[in-house]
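The structure appears below as structure tokens.
Nothing fancy with the numbering, it's 1 onward along the sequence. No hydrogens, no waters, no symmetry mates; every other heavy atom, side chains included, goes into these values. As the structure is a computational prediction, the values presented were derived from the model and not from experiment. Every number for a ligand or one of its atoms is a count from 1 in the order of the listing.
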Amino acid sequence: MDLNGFMADVEARSPGEPEFHQAVREFAEKVLPIANADARYADARVLERMVEPDRVIMFRVVWESDAGEIQVNRGYRVQFNNAIGPYKGGLRFDPSVNLSILKFLGFEQTFKNSLTTLPMGGAKGGSDFDPKGRSDEEVMRFCQSFMTGLYRYIGKDVDVPAGDIGVGAREVGYLFGQFKRIQNEWSGTLTGKGVSFGGSPLRTEATGYGCVYFAREILARVDGGLEGRTCVISGSGNVAQYTAEKLVELGARVVTLSDRQGFVHDPEGVTLEKVRWVEELKTSRHGTLEEYPRIWGGTFHAGAAPWSVPCDVAFPCATQNELDADDARRLLANGCRLVCEGANMPVTYEASKVLEAARVAHAPGKAANAGGVAISGLEMSQNAMRMSWTREEVDQRLRRIMRQIHEHCVEQGYVDDGWVDYVRGANVAGFLKVAEAMLALGIV
Ligand code: NDP
């Protein structure tokens, strides 16, 4: 089976889904040589089965605005693959949400969850609802209606959703409250819960912290640590905030953050105080970074991404396809030596090829941002045991998991002259575990 033939089939079966095609192409390109070389995989058509979700659930979500107007949104849950454990993956609330985006995210999630070493299958869901500009009451009514549509398809041993873009602690709280009310049961069916009602310490920080731990492993292998490195971050939401926080703690210099309006360049470096201010701006006031220079100095660049700012390490932490081939060339020209993905698929396919050709380390999201779902997995364990670990215990486990993911990536992605193709490493390591489980489970 060759890549183009394989992709032609995928595109014909799922037309009009460009993000899904992109995610499958990136994966298949690295995994096909392995799948073709082992007759067990080819005979059982493991790869063809992997790119077809177990099921897709779509439902109407009706709710009433504060002004008394009836609103109609669409809810989704893509249950992609549960070969190695219950479905697990976040919910995204954003006007851009569609089936293509959720299929790409659910597909990626399957291999990310496999990499964590924990028993979790892959899923993703969400809605085209936009929480921006909505009151808490509106968000609550929407979440309650959404969960009324979803609850029958999820459960602690079936499918365990969590947050993603537009779904933070507030939304998870409302979703969990409605699930609990309908089912009359308290179970760890959602993760990312508040610590007072079953959430794990460090879950909020885990994706960003984990991403920095992963970058540190990569740099330690080739040329030292993070201390003194100049880092460029995109985004200013959950992942970006805690990536920035951990980088600052480890002595790196963070010089940018961004949002949908543009990016802020702070040559003096973001401090912990500034990160706390950004957190308050984004989670309580839902404001934009345009305000940043007035208080902290630096400059705001409307409508632009931060990739033209010279750096040692780039952390794209906002959204998919936010860093294209020209951006990658700019980063390389300015001396960037590592692109570490906090977001899911933030680097376009063409940009990924530019980085690969230059042999620059490129850590894909399915490895670098797996810390979030790993701690979600630990939240499920704590809920099942009716106990809670300390922040330090969870942090230790997070470091260990990120180190193990890094080792698996090096094992499968080592090329020559010490260069590691992390994209290949992550995809192949994630694939092998799921493939072996699928073979063992028979033709289902
Ligand atoms: P948040 O909603 O907390 O933050 C998203 C950030 O990205 C915001 O700053 C937002 O800007 C910005 N952004 C979103 N869409 C765009 C766009 N189209 N163009 C420019 N900027 C944009 O989400 P998270 O931080 O949770 O998620 C960020 C990424 O990380 C996503 O790809 C997500 O899938 C991935 N991820 C998240 C995990 C988690 O645990 N939360 C786990 C693993 C991956 P604004 O402030 O203007 O809205």
Side-chain angles (χ1 to χ4, degrees), residues 19 23 88-97 101-102 104-109 112-113 115-116 122 124-126 130-133 161-172 191-192 199-200 202-211 214 233-245 256-264 275 278-292 300-307 315-324 340-347 363-377 379 398:
E19 292 86 0
K88 180 91 197 81
L91 297 171
R92 178 176 291 191
F93 292 169
D94 191 88
S96 65
V97 161
I101 289 179
L102 294 181
F104 118 63
L105 289 165
F107 181 71
E108 293 269 302
Q109 194 80 45
K112 179 188 309 191
N113 293 2
L115 281 171
T116 65
K124 201 81 186 190
D130 189 356
K132 284 213 161 52
D164 191 73
I165 292 178
V167 180
R170 173 183 63 170
E171 289 76 14
V172 170
T191 61
S200 173
L202 219 77
R203 172 60 189 91
T204 311
E205 299 89 338
T207 307
Y209 282 15
C211 190
F214 199 77
I233 299 179
S234 67
S236 49
N238 172 272
V239 179
Q241 287 164 23
Y242 292 100
T243 297
E245 182 177 286
T256 69
L257 290 168
S258 77
D259 62 19
R260 291 171 216 246
Q261 312 308 317
F263 79 92
V264 68
V275 177
V278 170
E279 185 189 355
E280 199 268 331
L281 173 81
K282 288 294 170 185
T283 45
S284 306
R285 291 196 283 126
H286 309 291
T288 100
L289 290 172
E290 269 168 306
E291 289 182 36
Y292 187 103
F300 185 77
H301 303 259
W307 314 124
F315 289 92
C317 296
T319 193
Q320 64 272 0
N321 291 329
E322 54 165 321
L323 196 162
D324 66 19
C340 191
E341 299 184 355
N344 285 310
M345 206 169 73
V347 171
K366 54 171 80 73
N369 70 31
V373 73
I375 301 309
S376 276
E379 183 173 331
L398 175 62

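One N or O on the side chain of Asn369 and one on the backbone of Ala343 form a donor-acceptor pair closer than 3.5 Å.
Ion pairing between Lys124 and Asp164 holds under the 4.0 Å rule for side-chain N and carboxylate O. With respect to the salt-bridge test (charged N to carboxylate O, under 4.0 angstrom), the residues Glu291 and Arg285 qualify.
Ser376 and Arg203 are linked by a side-chain donor-acceptor pair at a separation below 3.5 angstrom, with hydrogens and angles left out of the test.
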Tabulate distances under 3.5 Å between N/O atoms of ligand 1 and N/O atoms of the protein, writing both atom names on each line.
from	atom 1	to	atom 2	distance (Å)
ligand 1	2 (O)	Gly166	N	3.2
ligand 1	3 (O)	Asn238	N	2.9
ligand 1	9 (O)	Ser236	N	2.9
ligand 1	9 (O)	Ser236	OG	3.2
ligand 1	9 (O)	Gly237	N	3.4
ligand 1	25 (O)	Asn238	N	3.2
ligand 1	25 (O)	Val239	N	3.0
ligand 1	32 (O)	Asn344	N	3.1
ligand 1	34 (O)	Arg92	NH2	3.0
ligand 1	34 (O)	Asp164	OD1	2.6
ligand 1	34 (O)	Asp164	OD2	3.4
ligand 1	34 (O)	Asn344	ND2	2.8
ligand 1	40 (O)	Arg203	NH1	3.4
ligand 1	40 (O)	Arg203	NH2	3.1
ligand 1	40 (O)	Thr207	OG1	2.7
ligand 1	46 (O)	Lys282	NZ	2.8
ligand 1	47 (O)	Arg260	N	3.1
ligand 1	48 (O)	Lys132	NZ	2.6
ligand 1	48 (O)	Arg260	NE	2.9
ligand 1	48 (O)	Arg260	NH2	3.4

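Classification of the His301-Phe263 ring pair by plane angle, with boundaries at 30° and 60°, yields parallel.
Qualifying side chain to side chain contact (heavy atoms under 4.5 Å, CB included) partners for Val239, counting only residues two or more places apart in sequence or in other chains: Thr207, Thr243, Cys317.
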